[in-house]
Number of protein chains: 2
Amino acid sequence: MDDESQIPPGDTALRLRKTALELFARHGYAAVSMRQIAGEVGVQVGALYNHISDKQALLYRLMAEHMVELLQAVAAADLPKEPLAALEGFTRFHIRHHAARPEAVFISYMELRNLSPENFALLEEQRQAYEARLRQILERGQAEGVMQIADARIATRAVIAMLTGITTWFRDGGGQSLAEVEEIYWEMVRRLVTR
Amino acid sequence: MDDESQIPPGDTALRLRKTALELFARHGYAAVSMRQIAGEVGVQVGALYNHISDKQALLYRLMAEHMVELLQAVAAADLPKEPLAALEGFTRFHIRHHAARPEAVFISYMELRNLSPENFALLEEQRQAYEARLRQILERGQAEGVMQIADARIATRAVIAMLTGITTWFRDGGGQSLAEVEEIYWEMVRRLVTR
DNA sequence: GTCTATACGCAGATAGAC
DNA sequence: GTCTATCTGCGTATAGAC
């Protein structure tokens, strides 16, 4: 169960980010010390500062990487034009992408308060860009008459909250496979936007 | 906008809990110091320890109070027997109750990691009791044939995640009134459980 | 119940040798 | 790039006077 062997030794910068991601997700940013990270990485504290300017920058880097990865991945998903098909694609994409990186998801939702105002604003912009992708699908569905939605902004938030919640309970090897979970949620999302 | 005047001076124990609730919600438990709390309350640090044994107990007390209040309130809501009416009642109750205390909701979802294992177990039990109330409504709806649900456990989590998400964006004086939000969400929840 | 004073350790971060 | 050593301040918590 000890996965230290999976971290390539020698690349301290990489080990640092991987270790910080795990520790921040498990204990929270403020509760994890640089000494603790150094201990897990296997170097002395001072050595960490060859790779990051300070602790805040480390947190921001982890969150920014997560958002960039998310935006690139959703763009690469190349969703269909037809609104209902696009919504299905988005739903399945969101579930798979988030279930694959629960630590980064956790941190990105929980540690926003620990960002400097500037760093927060940068990430908030990207978060809104992601949300806008879903909202535009719903608005197109509304316009084309294939979806019946009272308020597209609210429906967007409702769907994202519902889907992201999966990461709080889903574990590989639990009751359902991810494919089953995907089916169940897609059916719920489909109903949510159609009469 | 400074609501210090709303805190009755003289009752340090009460001011302590109210102040801690606000600060923990805004900055996170680990990021708030006892000195900071004392400063806001208007006493010296030592004085706080006349009212709590330690910081951890303070956090637990806030979260435990929130859960007790939630369970009492949902019991007092006296939901109808008929499953769809019960679901509507639950949905409206959950939205109103949570929207009225965003700080406590925030803390209860974000600071679970900072509880001792024993305190965590106690709260988790109460959280499950609350979840079970909704699940039983969905299971009755399934059994009576008025709801069509693939997996009641998952639908329970989906609905709660969706509804609780409201507290992350809803603000009094924003775009919609709470009554409007209630209507929109009830319609979404109703669709989610019916074909 | 609150005050002042303090114990004690750990926090983030840096300096300079190797 | 990493080490050892260290700076400086703040963290939680307690003691004892009033």
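Every chain is numbered from 1, with letters handed out A, B, ... down the list of sequences.
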**OP:** Let me know the distance between CD of A:Gln56 and P of C:dA11, rounded to the nearest Å.
**Re:** 18 Å
Subject >> Between C:dC3 (C1') and B:Tyr49 (OH): distance, integer Å >> reply: 16 Å
Original post:
Just how far, in rounded Å, is P of C:dA13 from CG of A:Asp54?
Top reply: 5 Å
Subject >> Proximal nucleotide (of C:dG1, C:dC3, D:dT12) relative to the B:His51 side chain >> reply: C:dG1
Original post:
Closer to the 5' end of DNA chain C via nearest nucleotide, is it A:Ser53 or B:Val45?
Top reply: B:Val45
Original post:
Rounding to a whole Å, what distance do you find between B:Leu16:CG and D:dA13:C1'?
Top reply: 15 Å
Subject >> Integer-rounded Å distance: C:dT14 P and A:Lys55 NZ >> reply: 15 Å
Original post:
Just checking B:Val41: base, sugar-phosphate only, or nothing, at a heavy-atom cut-off of under 4.0 Å?
Top reply: nothing
Subject >> Below 4.0 Å: OP1/OP2 of C:dG12 and any side-chain N or O of A:Arg35 >> reply: no
Subject >> C:dC10 OP1/OP2 closer than 4.0 Å to side-chain N/O of A:Ser33 >> reply: no
Original post:
B:Leu48 has an atom CG; how far is it from atom C1' of C:dG1, in whole Å?
Top reply: 12 Å
Subject >> Under 3.5 Å donor-acceptor, B:Thr168 side chain and B:Gly165 backbone >> reply: yes
**OP:** Can you establish whether the number of heavy atoms outside B:Arg191 located under 6.0 Å from its atom CZ is more than 12?
**Re:** yes
Original post:
Is any side-chain N or O of A:Gln44 closer than 4.0 Å to OP1 or OP2 of D:dT4?
Top reply: yes
Original post:
Is the shortest side-chain N to carboxylate O distance from B:Glu111 to A:Arg113 below 4.0 Å?
Top reply: yes
**OP:** Determine whether more than 12 heavy atoms belonging to other residues, nucleotides or ligands lie under 6.0 Å from atom CD of B:Gln128.
**Re:** yes
Subject >> Separation of C:dA11 C1' from A:Leu23 CG (nearest whole Å) >> reply: 16 Å
Subject >> Length of the line joining A:Gln36:CD and C:dA11:P, which is rounded to integer Å >> reply: 8 Å
Original post:
Hey, are the side chains of A:Ile52 and A:Met34 touching, using non-hydrogen atoms and a 4.5 Å cut-off?
Top reply: yes
